[in-house]
Amino acid sequence: MSEGNRRVWIALCVTALAAVATVLLWLFADRAGAAWGLAHRDLQPWVSIRHPLALLGSGVVQPIVLVLFTVVVYALRRRRLGRLGLVLISTLLVATILTTGLKWLVRRPRPEFDGTARPALSEQIHSTQWHSFPSGDVLVTTALITVIWMATGCRAATAWLLVVPLLVGMQRFIAGRHHLSDISAGLILGAWVGALMARKTKAWVQRGRDGRLAADKTE
């Protein structure tokens, strides 16, 4: 078995185990976990760090940062970093579309509204309380961090970046906005979105290089 195929099989096995863990969390741990999170979300010193952590996964802050980063590096004629910025923006869009679609399909209430009577469909459409599975903040953040981690080429030195999605997940759990299985699903799906976007980008860049080399040889 080639190295590439071996990595794919490992990734699939890890994903399968994580998916099973997510189902088990949904069935046996979500209710107790949500009760614990709701009971502790207003305690100090957690309140003082909850809002800064929320900025890491913010759907408002992330697009602004990525667009500014891309514009600045292109202005500085750092085209390689500029391409990375465009890939990150594309990853953000793909991850957001996936998250939104899954939320509308599942329509799981957030922990703080769990057990309450469902309102009319029209009210659900205009309310965020039914948008719990998966955690969008965790999914999008995991996808972006995965792309950055794979694009650096020095994965051991940048492994600390993988802590960021975990911090976002911790914030969403303690804030009472998501169940444990929501966070687990966000980590799994985000990692796959990020990995696929990174691989597609690598192939795209390699084709561009091959095309330039072929053009140089023909001149």
Side-chain angles (χ1 to χ4, degrees), residues 4 7-8 11 15 49-104 128 131 134-172 175 177-178 182-216:
R7 290 181 178 179
V8 170
T15 301
I49 64 173
R50 196 171 70 192
H51 296 298
L53 283 178
L55 294 176
L56 290 174
S58 172
V60 175
V61 174
Q62 287 179 343
I64 294 174
V65 171
L66 292 179
V67 170
L68 288 177
F69 170 79
T70 306
V71 171
V72 169
V73 295
Y74 265 112
L76 296 175
R77 299 185 183 280
R78 300 291 189 269
R79 295 184 180 277
R80 183 177 178 182
L81 285 177
R83 285 194 291 269
L84 174 60
L86 293 176
V87 172
L88 289 173
I89 293 173
S90 301
T91 302
L92 177 66
L93 292 174
V94 171
T96 301
I97 292 172
L98 176 62
T99 300
T100 303
L102 289 174
K103 284 179 181 289
W104 284 117
T128 60
H131 298 171
S135 171
D137 288 358
V138 174
L139 195 158
V140 173
T141 303
T142 303
L144 295 175
I145 292 298
T146 301
V147 170
I148 295 173
W149 179 62
M150 294 182 68
T152 58
C154 189
R155 299 179 184 178
T158 56
W160 61 271
L161 287 171
L162 303 179
V163 176
V164 175
L166 298 179
L167 292 175
V168 173
M170 181 179 68
Q171 188 277 334
R172 301 305 286 165
R177 303 297 288 170
H178 285 288
D182 302 336
I183 296 167
S184 176
L187 291 170
I188 298 170
L189 295 171
W192 271 104
V193 170
L196 291 174
M197 292 297 292
R199 288 178 65 86
K200 289 293 184 181
T201 302
K202 183 178 180 180
W204 171 66
V205 172
Q206 187 60 47
R207 285 197 298 269
R209 290 175 179 174
D210 294 342
R212 287 194 297 271
L213 291 174
D216 293 339

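What you are looking at is a predicted structure, and each value in this text was computed from that prediction instead of being measured.
- For the atom pair CD1 (Ile183) and CD (Gln171), the distance works out to 9.0 Å, reported to the nearest 0.5 Å.
- Each side chain to side chain donor-acceptor pair (under 3.5 Å) pair with one or both residues in residues 159-168, not counting sequence neighbours, would appear here, but there are none.
- Counting all heavy atoms, side chain and backbone alike, Trp104 lies closest to His131 at CH2-NE2, 3.4 Å.
- Counting heavy atoms from C-beta outward, Leu162 and Leu166 have side chains that stay 4.5 Å or more apart.
- In summary, of the residues considered (Leu102, Thr142, Val140), a side chain to side chain contact (heavy atoms under 4.5 Å, CB included) with Leu189 occurs for Leu102 alone.
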*Decide side chain to side chain contact (heavy atoms under 4.5 Å, CB included) for Thr146 and Trp192; before the verdict, give the C-alpha distance in whole Å, the side-chain angles of both, and the deciding distance to 0.1 Å.*
CA-CA 9 Å; Thr146 301; Trp192 271 104; over 6 Å; no
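- The two residues Gly186 and Pro134 come nearest to each other via the heavy atoms N-CB, 4.0 Å.
- For the residue pair Arg172 and Ser135, the shortest heavy atom distance occurs at CG-OG, 4.1 Å.
- Applying the side-chain hydrogen bond (donor to acceptor under 3.5 Å, both in side chains) criterion to Thr141, with sequence neighbours excluded, gives Gln62.
- Between the CZ atom in Arg177 and the CG atom in Asp137 there is a gap of 9.5 Å [rounded to 0.5 Å].
- Across every non-hydrogen atom of Leu144 and Leu88, the tightest pair is CD2-O, 3.4 Å.
- In this structure, CG on Leu98 lies 11.0 Å from NZ on Lys103, to the nearest 0.5 angstrom.
- Taking CZ of Arg199 as the reference point, atom CE of Met150 lies at 6.5 Å (rounded to 0.5 Å).
- Atoms OG1 and CG, on Thr99 and Leu92 in that order, are 9.5 Å from each other to the nearest 0.5 Å.
- Between Ala151 and Leu84 the shortest heavy-atom distance is CB-CD1, 4.0 Å.
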*Check step by step if side chain to side chain contact (heavy atoms under 4.5 Å, CB included) holds for Ile64 and Leu68.*
CA-CA 6 Å; Ile64 294 174; Leu68 288 177; 3.9 Å; yes
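- A pairwise comparison of heavy atoms in Ala95 and Leu139 identifies CB-CD2, 3.7 Å as the closest pair.
- When each of Thr70, Thr91, Leu66 is checked for a side chain to side chain contact (heavy atoms under 4.5 Å, CB included) with Leu86, only Thr70 meets the rule.
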